Structures are given as structure tokens and as C-alpha cells.
Protein chains: 2
Amino acid sequence: MNDSPRNAPTPPTPPTSSAVARHAGVSRATVSYVLNGQAAGRVSAATQAKVKQAAQDLGYVPHAAARSLRSGSSALVLIAVPADKVPAFGPLFAGFVARFQTALEEYGYTGVLHGARADRSPLDTARAWAELRPAAVLTTFGAPLTEESVALLHRSGTRAVLSLGPAPTPGAHGITIDQEEIGAVAAAHLLATGRRALGVVVPDERGLDSFSGPRLAGARAAARAFPGATVTPLPLAPTEESAARARQAISEGHVDGVFAYNDEYAMLLMRALQDAGVDIPGEVALVGADDLLLARLLRPRLTSVRTELPAPHEVAALVDRAITDPSFAPGVSYRTKAQVEPRDSTGDGAGPA
Amino acid sequence: MNDSPRNAPTPPTPPTSSAVARHAGVSRATVSYVLNGQAAGRVSAATQAKVKQAAQDLGYVPHAAARSLRSGSSALVLIAVPADKVPAFGPLFAGFVARFQTALEEYGYTGVLHGARADRSPLDTARAWAELRPAAVLTTFGAPLTEESVALLHRSGTRAVLSLGPAPTPGAHGITIDQEEIGAVAAAHLLATGRRALGVVVPDERGLDSFSGPRLAGARAAARAFPGATVTPLPLAPTEESAARARQAISEGHVDGVFAYNDEYAMLLMRALQDAGVDIPGEVALVGADDLLLARLLRPRLTSVRTELPAPHEVAALVDRAITDPSFAPGVSYRTKAQVEPRDSTGDGAGPA
DNA sequence: TTGAAAGCGGTACCAC
DNA sequence: GTGGTACCGCTTTCAA
């Protein structure tokens with residue numbers, strides 16, 4: 001049955017299109033035509049059947065690298081994520097990525113997620129991406145992307161570089177998730193409900209600085225419109241001890257309104273405040289972000305800033321356009337909007353605290 | 001300056017090793033040796049410098065596909081995740097993936113995450129993976145992997161197929177995350193604290209069935225050891241209405257101990273119970289899973305099952321061994337352990353509710 | 001209707 | 001110490 005020695009556990013070489021051709025008794029060219037649907041009017045139905053059967057029999061799977069080497073373009077779309085931020089992802093972003101990959105597939109691309117190491121320079125990171133010769137790179141969550149990186153990628157054949165995140169990079173298409181606006185609308189809401197001594201949680205977690213910084217800045221900007229309003233940064237690590245310290249800072253600073261970075265930090269802080277007997281929203285109002293189910297489960301119900309991410313298929317369409325349309329100039333194509341969902345923790349809910 | 005017409009936005013072709021060779025006035029062979037560190041004793045220092053300079057000047061980045069085409073093996077490790085489960089990831093798993101990718105890089109591999117579409121057959125999914133000719137495929141979270149898929153991957157040159165998740169697939173290396181054990185230890189704890197009418201939350205969320213099923217089964221198995229103990233499945237969607245219905249089912253069934261699938265569902269259910277005036281743990285004891293910070297923030301503090309995932313670098317080592325050592329036979333190499341962290345929600349905390 | 005052959009970018013053997 | 005060259009798997013033009 002088998003012409004190789006009996007100690008061959010698996011065929012050492014995968015079946016190639018030549019093997020299929022030999023098996024079907026045709027040329028490699030014919031195999032290529034048939035298997036790529038270019039056979040109309042070129043190859044007889046009988047031959048096509050033979051080829052398909054042979055491919056089936058051999059379990060033939062085309063070699064994407066060889067194909068893209070020849071064709072000069074790959075179908076790979078790299079979704080870059082800073083490795084140190086992955087754990088901080090909420091379900092919001094995870095869901096986005098999942099549906100984005102599916103949407104990409106509908107355009108014929110293969111989207112893969114690449115965790116970029118934080119201990120590498122942006123240029124080295126870009127080089128690692130470039131080696132894969134992706135059709136496009138989409139950086140998310142502030143994966144390191146400098147102007148030089150973009151240039152490197154373009155030089156090495158990447159058709160499109162997009163960035164989905166805090167700041168648009170020169171040369172790249174941008175989908176701006178405006179972190180400042182998130183901080184601004186949160187602060188504005190607190191100010192509108194009469195709070196003047198604001199606190200803004202700054203997570204003490206690796207990799208979150210590119211989000212927390214702008215959010216703090218946005219809050220400060222919003223406060224400038226209100227004479228006498230102050231903004232105090234509140235460092236907070238995801239531990240109860242840290243929350244207790246933040247609670248103390250709130251009391252000592254007579255802070256009466258806090259933007260807690262996101263819903264999870266808000267929960268942490270709410271617990272610390274409540275354990276210390278602080279009334280929410282009576283003494284301190286609290287605003288989270290992301291508008292998770294969590295926000296509605298807390299007591300008092302948590303006011304939260306909801307950011308609308310662009311629809312995954314819209315981003316996929318943008319990627320496709322950036323790849324295929326050379327005249328599509330880089331720039332900010334989309335900007336997310338943030339809006340407050342008022343609830344009890346700022347005294348806006350149906351019933352008071 | 002530029003010899004191409006002024007409408008050339010980017011150089012149409014990336015620099016190749018030939019270009020580097022031409023630029024440096026040497027042959028492609030020399031370039032290859034120098035750039036791969038095989039130059040010792042073959043190429044003069046002066047020539048090496050010239051080559052490196054040329055590569056630098058041109059912004060040369062090797063073409064991974066061409067390299068792996070020639071060498072017959074790629075450095076790609078595919079981490080497959082079922083797309084419909086991605087949003088259900090907790091920070092635990094996300095953190096694991098991030099550190100795993102980093103660990104892989106230390107072994108010289110490039111790990112990328114590939115979201116497998118749920119609407120494809122396992123075989124089609126495997127084919128999509130195989131096209132990329134990865135060195136290894138690691139399926140996680142029950143990404144579809146049948147015996148046939150494994151065979152297909154092996155036939156097409158994948159050196160190792162590993163599965164990290166509920167059930168080991170024949171032919172693949174397995175890292176078993178024992179979902180049954182999670183359900184079993186949770187139920188055992190409830191039973192040990194005197195509960196007999198158990199409820200087990202079964203999330204009504206796409207893609208979680210491969211986890212919830214075994215967890216329920218594990219709970220049932222544990223209950224069998226206690227005469228008179230019953231187990232009632234409690235369907236639960238991530239909405240407050242659904243939680244209210246589950247609460248009602250708990251009351252009507254006189255359930256006195258609930259394993260709530262994970263900490264988040266536990267929080268949802270706890271809130272519904274508390275809003276209805278049910279005392280925890282007095283009337284109903286509650287156990288979550290994942291042991292998130294969340295569990296400690298709830299009142300009463302939530303008893304939770306902690307699963308220890310294998311260390312990322314251990315898994316990376318396993319992958320490397322499976323790739324490089326052909327005599328390393330597939331089988332279960334690692335099995336996670338689950339253990340209960342007792343807290344107030346089952347009456348085990350420092351202080352009673 | 002089909003096949004021969006060139007070539008995508010790199011590697012590595014072998015000759016000089 | 002360096003260069004020529006065959007070849008990895010696939011696509012596609014051109015000729016038969």
C-alpha cells in the first residue's frame with residue numbers, strides 16, 4: 001500500500017498542487033485554474049471533476065505563503081494589540097474584535113491578532129509585523145505606532161496602516177476613540193449636577209496610561225469652564241488596599257464628585273467608600289465608563305459613560321478601501337462619540353439614593 | 001531626486017535581498033549569510049558591514065513567507081479561539097494569552113490569535129488554519145477540533161496540534177481545563193456546608209455551552225454522593241429580567257445553594273436575590289468561579305472557584321517540544337486544578353453575613 | 001483544452 | 001571569502 005518505510009508516522013511533505021496534478025494526470029496550471037474557479041471555458045468539466053477529486057483524495061490545502069509570494073499581495077490583516085493591555089480589555093472590545101475578524105473574512109481577508117510586546121521599540125515591532133507582509137495593519141488600544149513605523153510598513157508593502165485608538169498617527173488612517181472626550185463628558189456631568197471638587201481615577205496598571213492621561217486631561221478641560229472647579233488625580237491599583245487609600249484622599253481633599261476611569265474601578269471605589277460609611281451620591285457622586293451590566297447591578301446604580309465603537313463591518317469596509325483604493329488618503333475617518341448614561345450614583349436615577 | 005513619475009506615492013515594491021545585494025555590491029548569497037548570522041569565517045568584516053549598511057539604508061525587512069517557503073517550516077503559532085466566545089473572555093484568559101505570546105516569542109515563534117468562525121465546519125476551519133502552514137496550532141476554549149481536523153493539519157505540515165480546553169481531542173496534545181471539576185468542587189463545597197437543593201446556573205449565552213454543560217455534569221456527579229441532594233439547572237441570560245426569573249425559580253424550587261457559573265453571573269444573581277429580600281447565605285448560598293477581584297467586592301463576599309491555568313511559559317515550552325521533538329507523543333500533558341476560595345456567600349467568611 | 005515555463009523572495013549547496 | 005544557481009509552491013502568460 002505504502003511505498004515508504006513503515007516508520008513514517010506522517011507524510012513528511014504536505015501534498016502540493018503538483019501532487020494533485022500528477023494524481024489527476026494533468027498539469028499544475030490546470031490544477032490552479034480549477035481550484036481557483038478560473039476554469040470557466042478553459043478546462044472541460046470532466047477534467048475539473050478529476051482535479052477536484054484528486055485534491056480531495058490527497059487532502060490538498062493550498063499554501064497561502066506561496067500564493068501570496070507569487071501574487072505579490074497577501075490577505076492577512078494584522079490586528080495589533082499591546083500585550084500589556086490585553087488583560088485590561090473589557091468584553092466591549094473583545095466583542096468588537098471577534099466581529100471584526102468575521103467581517104474581514106467576508107471581504108476575503110484573514111484577520112489575526114498580534115500581541116505586541118511592550119519591551120520592544122515601535123520600530124522593531126513594526127519590523128516584526130512587516131515580516132509577515134500583511135495587506136494591512138490595524139493597531140488598537142495605542143499599540144506603538146510612530147510615523148517611522150508607518151513608513152517602514154508602507155515601504156515593505158503593507159497597503160494600509162490603520163489605527164484604532166487614542167491618537168491618530170501621521171500617515172495612518174485613523175479611527176479615533178477620543179479618550180479626552182470620555183473624561184470631558186464625565187466631568188461635565190458631575191459639574192452640571194453641582195459638583196466642583198472633582199477627583200479623577202488614574203489606574204495604576206501597566207499600559208493604561210495612554211487612556212487615563214487623556215481622560216484626566218479631558219476632565220481638566222471641562223473643569224476650566226467652571227470657575228472654582230478643581231480636579232484631583234486619584235491613583236488607584238486594582239486592590240482593596242489601594243481603594244482604601246483613594247477613599248482617604250477623597251475625604252481629605254473634600255472631593256465631591258469622582259470619575260472612576262471605568263465601571264470596574266468605580267465598583268472598587270464605591271465599595272471602599274461605602275465600607276467607610278460615605279454616602280453616594282449624597283457626599284460623593286461617582287461616574288464610571290463602559291456602561292457594563294455591572295453598572296446597573298451596583299447600588300446605587302452607577303452613572304456611566306458609554307462610548308460607541310464603530311461597527312465592526314464599517315471598520316472592515318474601511319480597511320478594504322484603504323487596501324484597494326490607492327487614492328484613499330490617510331486621515332481620521334471616524335471618531336467615536338461618548339455619552340453619559342445618568343443613574344443614581346450621581347443623583348440622576350429614577351429614585352434618589 | 002526621484003526617477004519615477006511624480007504620482008508614485010510609495011515605492012511599489014519593497015526592497016528585496018537582491019536589492020540589498022546590488023546596493024552593497026555583493027551577491028544574494030552573501031547577503032543571506034550576513035543577515036542570518038551565518039557569516040562567521042565566510043564573509044569578511046568589511047563586507048559584512050557593507051551589507052548591513054545597505055540593508056539599513058534600504059529599510060530591508062525579510063519576507064517571512066519566502067523564507068518559510070524555502071525552509072519548509074514556519075515560525076507561526078496559531079492560537080485559535082472560537083469567535084463567538086471571545087466576548088466571554090475574562091481578564092484571566094486574556095492575560096494568559098498575552099503572556100503566552102510573549103513566551104512564544106522567546107522561543108522564536110510568532111503567536112497570533114485567530115478567531116474561528118462558529119458558522120464553519122471544523123474541517124473548513126482547520127483548512128483555513130492549514131493554509132497558513134503554521135508550525136503549531138493551539139486551540140483554546142473549545143475551538144472546534146475534531147480528529148479529522150487534527151489529521152488534516154498534520155497532513156498539511158503542521159508540526160503540533162495542541163488543545164487547551166475542556167476536552168482533549170484524539171491526536172492532539174492536551175492541556176485539559178477540567179470544567180467538570182469546577183462544577184464538582186463548587187457543588188461539593190455547597191454540600192459540605194449542608195446545602196442539599198442545589199441550583200446550577202447555565203448561561204444562556206452563545207458559545208458557553210461547552211463550559212456550562214460539563215460544569216453542570218460535575219455538580220451532578222458531586223451531588224450523587226449525597227443521598228437526597230438534588231441539582232436544578234438555572235438558565236440565565238446576562239440581563240436583569242432573566243435574573244429575576246432565575247430568582248423566582250430558586251424560590252419555587254426551594255433551592256438553598258447555587259453555583260452561579262462564574263463571578264459575573266453570581267453578581268447578577270446575587271443582586272436579583274437581594275433585591276427580592278432573599279438572605280445570602282442564610283436562605284441561599286452562592287458560589288461563583290474565576291475568583292475575580294469582583295468576588296471580594298460583593299457583599300456578602302463571594303465564595304469562588306479558582307482554576308489555575310498553566311503558566312504561559314510552560315505551555316510555550318510544551319508547544320516548542322511538540323514542534324521540535326517528533327517522538328513526543330500526543331496526550332494529556334497538563335490538567336488544571338480547581339479549588340474553592342470560601343467566603344461569606346456560603347457562610348465561610350471571617351464574619352457571618 | 002491543456003501544458004511548459006518564468007518568476008515571486010530567500011536559502012544553502014557547491015564551485016571558484 | 002564570494003558568487004552562481006537550484007529550488008520551495010503557486011500563478012499566469014503564451015504557445016501548442
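Below, chains carry the letters A, B, ... as their sequence lines are ordered, and counting in each starts from 1. Computed from a predicted structure; not experimentally measured.
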**Q** Say whether, by atom type as modelled, one donor and one acceptor occur between the side chain of B/E131 and the main chain of A/A64 under 3.5 angstrom.
**A** no
**Q** Using heavy atoms and a sub-4.0 Å distance, could you list which residues of residues 44-69 of chain B are near DNA chain D? By number, please.
**A**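 Per residue number, the list reads B/S44, B/T47, B/L69.
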**Q** Of the non-hydrogen atoms in B/A135 and B/S74, which two are nearest, and what is the gap between them?
**A**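 Of all heavy-atom pairs spanning B/A135 and B/S74, the closest is CB-O, 3.2 Å.
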**Q** Are any side-chain N or O atoms of B/T125 and backbone N or O atoms of B/S121, one a donor and one an acceptor, separated by less than 3.5 Å?
**A** yes
**Q** Nucleotides 12-16 of chain C: which of its N/O atoms have a protein N/O under 3.5 Å away?
**A**
unit_1: C/dC13; atom_1: N4; unit_2: B/Y33; atom_2: OH; d: 2.8

**Q** Only counting residues at least two apart or in another chain, list the ones meeting ring-ring contact (aromatic ring centres under 6.0 Å, His included) with A/F96.
**A** A/F100
**Q** Enumerate the residue pairs fulfilling side-chain hydrogen bond (donor to acceptor under 3.5 Å, both in side chains) with a member in residues 21-31 of chain B, sequence neighbours excluded, ordered by first and then second residue.
**A**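 Listed once each, the pairs are B/S27-B/T30.
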**Q** Measure from the side-chain N and O atoms of A/D325 to the backbone N and O of A/R321, and report whether any donor-acceptor pair falls under 3.5 Å.
**A**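 Not a single qualifying donor-acceptor pair exists.
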**Q** In which ranges does DNA chain C form stems of 3 or more consecutive Watson-Crick or G-U pairs, distances under 3.5 Å?
**A** C:1-16 with D:1-16
**Q** CG of B/L152 to CD of B/E148: how many Å apart, nearest 0.5 Å?
**A** 9.0 Å
**Q** Going 5' to 3' along DNA chain D, between which two nucleotides do contacts with chain B fall, using a heavy-atom cut-off of 4.0 Å?
**A**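 Going 5' to 3' along DNA chain D, contacts run D/dG1 to D/dG9.
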**Q** I'd like to know if the side chain of A/S68 reaches the main chain of A/S73, judged simply by a donor and an acceptor atom lying under 3.5 Å from each other, with no hydrogens or angles considered.
**A** no
